[in-house]
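Below is one structure, written out as structure tokens; the observations come after it.
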Amino acid sequence: QVQLMESGGGSVQAGESLRLSCVVSRSTSTSGIPYCLAWFRQVLGKEREGVAAMTTAGATFYAGSVKGRFTVSRDSVKNTLYLQMNTLKPEDTAMYYCAAGAPVFQCGVGGNGNSAIYWGQGTQVTVSS
């Protein structure tokens, strides 16, 4: 079974940066077929929303609210997914989750991530003005 372990969340001031990490215990890719890796976030009272995503083939996707500030990447050797978050804003405050296993055709920032197979436990990001 595949397990995801997230880390890197915390409380920062607006304008500062954080890097979230998600260690994937086992690769979910087989036969060299690409799949989706993604970051979602959820705020109290709102539905989960996509933040950034990428296929293992290298295609990336970003929500309009974070484009230009956040960067999703991965280290295939360490089997770790990253979300570099720069110039953080108070509206970025949320619980952030990593997800893996969705097929490539469903990869993106739309939807709530129900197509994902594996999920991390979540890490809280709080940004103060």
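Scope of the values below: all heavy atoms of this structure, side chains included, with no hydrogens, waters or symmetry mates. Along the sequence shown, the residues carry numbers beginning at 1.
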**OP:** List the steps and the verdict of side chain to side chain contact (heavy atoms under 4.5 Å, CB included) for Thr56 and Leu37.
**Re:** CA-CA 7 Å; Thr56 53; Leu37 295 162; 4.1 Å; yes
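- To the nearest 0.5 Å, atoms CG (Asn79) and CG (Leu4) are separated by 9.5 Å.
- Taking Ile, Leu, Val, Met, Phe, Trp and Tyr as hydrophobic and joining them when side-chain heavy atoms fall under 4.5 Å apart, one finds Tyr82 isolated, its cluster having no other members.
- Val24 and Ile117 fall within the same hydrophobic cluster, where Ile, Leu, Val, Met, Phe, Trp and Tyr residues are linked whenever their side-chain heavy atoms come under 4.5 Å apart, directly or through other members.
- Using modelled atom types, no side-chain atom of Asp75 and backbone atom of Thr80 make a donor-acceptor pair closer than 3.5 Å.
- Rounding to the nearest 0.5 angstrom, the gap separating the NZ atom in Lys67 from the OG1 atom in Thr60 is 8.5 Å.
- In this structure the side chain of Leu81 reaches within 4.5 angstrom of the side chain of Val72, judged on heavy atoms.
- Among residues at least two apart or in separate chains, there is no salt bridge (charged side-chain N to carboxylate O under 4.0 Å, His left out) pair with a member in residues 106-129.
- A heavy-atom distance below 4.5 Å is not found between the side chains of Phe105 and Thr55.
- Side chain of Thr123 to main chain of Tyr96: no donor-acceptor pair is present (N/O by atom type, distance under 3.5 Å, no hydrogens or angles).
- Under the 4.5 Å side-chain criterion, counting only non-hydrogen atoms from C-beta, Met85 is in contact with Leu83.
- Counting Ile, Leu, Val, Met, Phe, Trp and Tyr side chains that sit under 4.5 Å apart, directly or through other members, Phe40 shares a hydrophobic cluster with Met95, Tyr97, Trp119.
- Note: Ser25 OG to Tyr118 OH = 9.0 Å, rounded to the nearest 0.5 Å.
- Cluster membership for Tyr35 and Val23, using ILVMFWY side-chain heavy atoms within less than 4.5 angstrom, is not shared.
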N/O donor-acceptor pairs under 3.5 Å from side chains in residues 106-116, not counting sequence neighbours:
from: Asn112; atom 1: OD1; to: Asn114; atom 2: N; distance (Å): 3.1
from: Asn112; atom 1: OD1; to: Asn114; atom 2: ND2; distance (Å): 3.0
from: Asn114; atom 1: OD1; to: Arg48; atom 2: NH2; distance (Å): 3.1

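- Legend: residues meeting side-chain hydrogen bond (donor to acceptor under 3.5 Å, both in side chains) with Ser11, ordered by chain and number and at least two apart, are absent.
- Trp39 contributes atom CH2, which lies 15.0 Å from atom CD of Glu49 (distance to the nearest 0.5 angstrom).
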Extract all donor-acceptor atom pairs below 3.5 Å that involve side chains of residues 13-22 and protein atoms in other chains or at least two apart in sequence.
from: Glu16; atom 1: OE1; to: Gln13; atom 2: N; distance (Å): 3.1
from: Ser17; atom 1: OG; to: Asn86; atom 2: OD1; distance (Å): 3.0

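- The neighbour count for Gln121 CD, taken as heavy atoms of other residues, nucleotides or ligands under 6.0 Å away, is above 12.
- Sorted by first and then second residue, the salt bridge (charged side-chain N to carboxylate O under 4.0 Å, His left out) pairs involving residues 87-100 (not counting sequence neighbours) are Arg41-Asp92, Arg69-Asp92.
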